[in-house]
Protein chains: 2
Amino acid sequence: MTELPVSERLGSHLKRAEQALSAAKNAALKQAGLTVSQYAALMHLSANPGISAAALARACAVTPPTMNTVLKNLQEHGLVERTPHEWHRNVLETRITEKGSRVLAAADPRAVRVERGLAAEFTPEERETLVALLGRCVTFLDAFRTAPDPES
Amino acid sequence: MTELPVSERLGSHLKRAEQALSAAKNAALKQAGLTVSQYAALMHLSANPGISAAALARACAVTPPTMNTVLKNLQEHGLVERTPHEWHRNVLETRITEKGSRVLAAADPRAVRVERGLAAEFTPEERETLVALLGRCVTFLDAFRTAPDPES
DNA sequence: ACCCCGGCATTAAAGCGTTGACGACCATTA
DNA sequence: TAATGGTCGTCAACGCTTTAATGCCGGGGT
């Protein structure tokens, strides 16, 4: 029935790895009270105060509605505040709060520990190779997704 | 503030790649009316008729509640049927329906086209290297997640 | 005979993520 | 001035995913 064995599909390995990464990071960040997405948003927000939600979404590689829900959760916990822009009435400026900075500071070492541990598993050449190969995956897949469908 | 530049985090590259893969596959499967998760479940179901939902969850590397929602959606579309097990009263046997097989047959070439296209971007050595590196990521991350927390 | 353990199924709650559809705003251009 | 296009924010609908908690069943040990 299936035209290709599961073990030969790069996709399954890729998915597996991302899943393991996400699980490890979420577990590490859990005691700080953040999810991976919230951590990523806070990080970019800390480096770019007053950024718009749409720009933040682009930085985190998610869609605006997704970022909206993440920000809503962060706002409910008081880690972030959103104020109307002065001239651009339609834009909300988002800023990390003092409490948000404290939570981020507590969370960062935990996330970094995962990254450093993972990086330590490889030699510099291997890391470079992995990043390059993954980059080629992205390039191809993004092009493929946009390409016309052979049997539409 | 941040102790490690984003671009040096293997995690972001891994996440990017998985996201691109998922987007490409979902786009390819959309015209067949399936999601990636549904496709994966149908594939394992086609190869293992009557498998339990928990076993199917293990095969697809998700949790039982996740598989439950996927199966619920598949069942609502008539692609799958679940009947009580004969002796084991607490177990539901899940089977792909005739309609499910047709949908899977229509979806499979589309998914395979993505996989083959992606695989064609690499030499056999590169594929092997990528799979091996991803495998080491999984090994480390799974161990890390289970390991004791240095500051609990 | 009894009880406990382990696997299965399910629910609830929470969060992430997408597409699609709108309405609002600004700036450029006709 | 008026139309146009691009950006922004948001709602609705849908689906995936996880953790935590509960209930149910069958088998094995005492």
Side-chain angles (χ1 to χ4, degrees), chain A residues 15-16 18-31 33-42 50-77 79-80 82-94 145, chain B residues 15-16 18-31 33-42 50-77 79-80 82-94 145:
Chain A
K15 180 171 183 172
R16 223 63 162 222
E18 205 283 326
Q19 201 173 31
L21 171 78
S22 184
K25 270 197 179 170
N26 268 310
L29 291 174
K30 190 175 183 180
Q31 291 117 351
L34 289 181
T35 65
V36 171
S37 302
Q38 290 170 349
Y39 168 71
L42 283 185
I51 192 178
S52 79
L56 188 55
R58 281 190 293 271
C60 295
V62 296
T63 58
T66 298
M67 186 51 67
N68 207 336
T69 71
V70 173
L71 288 178
K72 184 165 62 66
N73 287 328
L74 286 173
Q75 197 173 15
E76 283 170 1
H77 289 82
L79 306 185
V80 135
R82 310 178 72 180
T83 59
H85 192 291
E86 193 62 16
W87 354 78
H88 223 55
R89 191 75 58 178
N90 203 28
V91 175
L92 289 180
E93 286 184 333
T94 306
R145 188 170 53 77
Chain B
K15 180 170 182 172
R16 235 25 176 246
E18 205 283 326
Q19 202 173 31
L21 171 79
S22 186
K25 270 196 179 172
N26 268 311
L29 291 174
K30 190 175 183 179
Q31 291 117 354
L34 288 181
T35 65
V36 171
S37 301
Q38 291 170 348
Y39 169 71
L42 283 186
I51 193 178
S52 81
L56 188 55
R58 280 191 295 272
C60 295
V62 296
T63 59
T66 298
M67 186 50 67
N68 206 336
T69 72
V70 174
L71 288 178
K72 183 165 63 65
N73 287 328
L74 285 174
Q75 197 172 16
E76 282 170 1
H77 288 81
L79 307 186
V80 134
R82 310 178 73 180
T83 59
H85 192 292
E86 192 63 16
W87 340 76
H88 238 56
R89 192 75 57 178
N90 205 27
V91 175
L92 289 181
E93 285 184 333
T94 306
R145 190 171 51 77

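Chain A is the first sequence line, chain B the second, and so forth, proteins listed ahead of strands; every chain is numbered from 1.
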Minimum side-chain heavy-atom gap B:Thr35-B:Asn26 below 4.5 Å
yes
Write down the distance between CG (A:Leu29) and P (C:dG15), rounded to a whole number of angstrom.
15 Å
Do any side-chain nitrogens or oxygens of B:Ser37 fall under 4.0 Å of OP1 or OP2 in D:dG15?
no
Please report the distance, rounded to the nearest Å, between OH in A:Tyr39 and C1' in C:dC16.
18 Å
From CD of B:Gln38 over to C1' of D:dG15, roughly how many Å is that when rounded to an integer?
8 Å
Any A:Lys30 side-chain nitrogen or oxygen under 4.0 Å from OP1 or OP2 of D:dA20:
yes
How many whole angstroms separate atom CG of A:Leu74 from atom P of C:dA14?
16 Å
According to a strict under-4.0 Å criterion, is B:Thr63 in side-chain N/O contact with OP1 or OP2 of D:dT18?
yes
Any chance you could measure B:Leu42, atom CG, to B:Thr94, atom OG1, to the nearest 0.5 Å?
11.0 Å
d(CG, A:Leu34; C1', C:dC16) in whole Å:
15 Å
Phosphate OP1/OP2 of C:dC16: any B:Lys15 side-chain N/O under 4.0 Å:
no
Side-chain N or O of A:Gln19 closer than 4.0 Å to phosphate OP1/OP2 of D:dT17
no
What distance separates B:Leu74 CG from B:Met67 CE, expressed to the nearest 0.5 Å?
9.0 Å
Here the gap from B:Glu93 atom CD to B:His85 atom NE2, rounded to the nearest 0.5 Å, amounts to 4.5 Å
Whole-Å distance between C:dG20 P and B:Asn26 CG?
12 Å
Given atom CG of A:Leu56 and atom C1' of C:dC16, what is their separation to the nearest angstrom?
15 Å
Between D:dC24 (C1') and B:His85 (NE2): distance, integer Å:
16 Å
If only side-chain N and O atoms of A:Thr35 are considered, is one of them under 4.0 Å from the OP1 or OP2 phosphate oxygen of C:dC16?
yes
Restricting both atoms to N or O, compile the protein contacts to nucleotides 3-5 of chain D shorter than 3.5 Å, with distance only.
none

Quick tally for nucleotides 6-14 of chain D: nucleotides whose base has a protein heavy atom under 4.0 Å get B, sugar-phosphate-only ones S, the rest -, giving --BSBB---
Is the shortest heavy-atom distance from the side chain of A:Val62 to the side chain of A:Val70 under 4.5 Å?
no
NZ-SG distance between A:Lys15 and B:Cys60, expressed to the nearest 0.5 angstrom:
7.5 Å
Both B:Ala61 and B:His77 contact DNA chain D. Which one's nearest nucleotide lies toward the 5' end?
B:His77
Please state whether the phosphate of C:dT18, meaning OP1 or OP2, lies under 4.0 angstrom from any side-chain nitrogen or oxygen of A:Thr66.
yes
Give, for atom CG of B:Leu79 and atom CG of B:Leu34, the distance between the pair rounded to the nearest 0.5 Å.
6.5 Å
Do any N or O atoms from the side chain of A:Gln38 and from the backbone of A:Asn73 form a donor-acceptor pair under 3.5 angstrom?
no
Let me check the geometry of the helix from C:dA1-D:dT30 to C:dA30-D:dT1. What is the bend angle between the axes at its two ends, five pairs each, to 10°?
0°
Within the pair A:Asn73 and C:dC16, is there a side-chain N or O less than 4.0 Å away from OP1 or OP2?
yes
